[in-house]
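Contents: one structure, followed by commentary.
Counting begins at 1 with the first residue of the sequence. None of the values given here were measured: they were computed from a predicted structure.
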Amino acid sequence: MSLCFVSTFGVIPHYFHKRKTVAYAGIGLGTGIGLAAYPLITVYVLDRLGFRYGILSLGALFIIPAVSIYVFKSQLPKVQVLSVKKLLTSYARTGKHFVTAFFIVNSALAIGARAGLVAILFSYISKYFEPSIAVAAYSIFGISFMVTTLLFTLYGLKFHANYFVLHLTTSLLLGIVVCVLPAINHAMTLYVIFGIIGSINGAVFGFKGNPISHLFPPKDIAYIYGLTEASGGIGSFVVPLSGGYIECKFSHGAGFYFIGACNLFSCMVLCLAAD
């Protein structure tokens with residue numbers, strides 16, 4: 001999953017020049033459609049084919065990305081592949097920027113918290129809500145994610161906003177909303193919360209590249225992406241594992257509070273670099 005995400009998002013600054021914004025919008029649109037439709041497709045297929053053959057048939061969907069490599073046409077000139085030594089040197093060069101370390105810690109906490117949220121949500125919903133409610137909630141999440149991503153990707157760059165502040169604000173909001181989840185016991189309220197979470201994640205996805213693009217020189221952007229996604233991978237292992245342990249040891253509420261605290265602390269880390 002990590003390799004798929006990093007390669008999908010990382011291909012944009014390396015591959016697209018003239019239509020970079022449209023490419024980001026395409027990823028957001030496709031992700032939103034998938035998030036909205038996949039719960040419905042999964043339930044339909046598993047009910048009719050059973051778990052084993054249902055999973056096999058759903059796995060066939062992942063053949064599509066393999067075919068897509070024959071469709072893409074590069075808009076950038078070909079460049080010589082860097083040696084391992086030059087690649088490591090380029091990564092090390094990003095360390096001269098004061099904010100690099102803060103972005104790495106922020107990514108570990110924020111990306112890890114989103115992964116942990118998904119894990120605990122599955123456990124929480126399966127215990128307190130009917131499966132049909134869970135399916136509807138995740139579809140609502142996907143639709144709100146898609147709409148918000150498209151709005152920020154297509155129109156966000158037209159406004160002269162402080163993307164660093166927007167990045168902090170969305171992380172802060174997500175942390176607050178997650179801490180509210182333990183009090184949810186009604187289906188309609190759950191739908192509203194999932195819509196809000198989807199919109200917040202869509203906003204993060206929609207201008208994901210903007211804070212980095214505004215704070216780092218172009219030659220370092222790709223390597224900052226690599227470092228932040230690598231730290232996010234570490235966070236995606238540590239935070240869900242810790243949140244799951246806390247959930248099992250204490251309660252779902254404690255697990256949600258831990259995930260929310262990780263989001264809030266990720267904001268505090270970047271605030272230290274705001275100057």
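- Within the hydrophobic cluster formed by Ile, Leu, Val, Met, Phe, Trp and Tyr side chains joined at under 4.5 Å, directly or through other members, F237 is accompanied by I234, V238, L241.
- Residues V178 and P182 come closest through the heavy atom pair O-CD, 3.6 Å.
- In the displayed structure, Y38 atom OH is contacted under 6.0 Å by more than 12 heavy atoms of other residues, nucleotides or ligands.
- Atom CG of residue L46 and atom CD1 of residue I55 lie 5.5 Å apart, to the nearest 0.5 angstrom.
- Among residues two or more places apart in sequence or in another chain, the side-chain contact (heavy atoms from CB on, under 4.5 Å) test is passed with A254 by I246, F250, S251.
- If you take CD1 on I196 and OG1 on T148, they are separated by 11.0 Å, rounding to the nearest 0.5 Å.
- Not a single ring-ring contact (aromatic ring centres under 6.0 Å, His included) links F258 to another residue, sequence neighbours left out.
- A side chain to side chain donor-acceptor pair (under 3.5 Å) check over residues 41-51, counting only residues at least two apart or in different chains, returns nothing.
- Heavy-atom minimum distance, P240 versus G235: CD-O, 3.4 Å.
- Looking only at side-chain heavy atoms (C-beta outward), S199 and F145 stay at 4.5 Å or farther from each other.
- No continuous path of hydrophobic side-chain contacts links I120 to Y257 [ILVMFWY only; heavy atoms under 4.5 Å].
- G260 approaches C179 most closely through the heavy-atom pair CA-SG, 4.0 Å.
- Distance check, rounded to the nearest 0.5 Å: CD1 of I184 to OG1 of T189 gives 5.5 Å.
- Between I133 and I125 the shortest side-chain heavy-atom distance does not fall below 4.5 Å.
- In this structure A113 satisfies the side-chain contact (heavy atoms from CB on, under 4.5 Å) test together with I259, C262, N263, sequence neighbours excluded.
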Which side-chain N or O atoms in residues 56-66 pair as donor and acceptor under 3.5 Å with protein atoms at least two apart or in another chain?
from	atom 1	to	atom 2	distance (Å)
S57	OG	Y53	O	3.3
S57	OG	G54	O	2.7

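- Within the structure, the ring-ring contact (aromatic ring centres under 6.0 Å, His included) test picks out the following pairs touching residues 172-196 (sequence neighbours left out): Y138-F194.
- In the hydrophobic clustering, V135 connects to L40, V43, either directly or through intervening members, whenever side-chain heavy atoms lie under 4.5 Å apart.
- Side-chain contact between I197 and L181 is present, with at least one heavy-atom pair separated by less than 4.5 Å.
- Checked against ring-ring contact (aromatic ring centres under 6.0 Å, His included), F256 has the following partners two or more places apart in sequence or in another chain: Y124.
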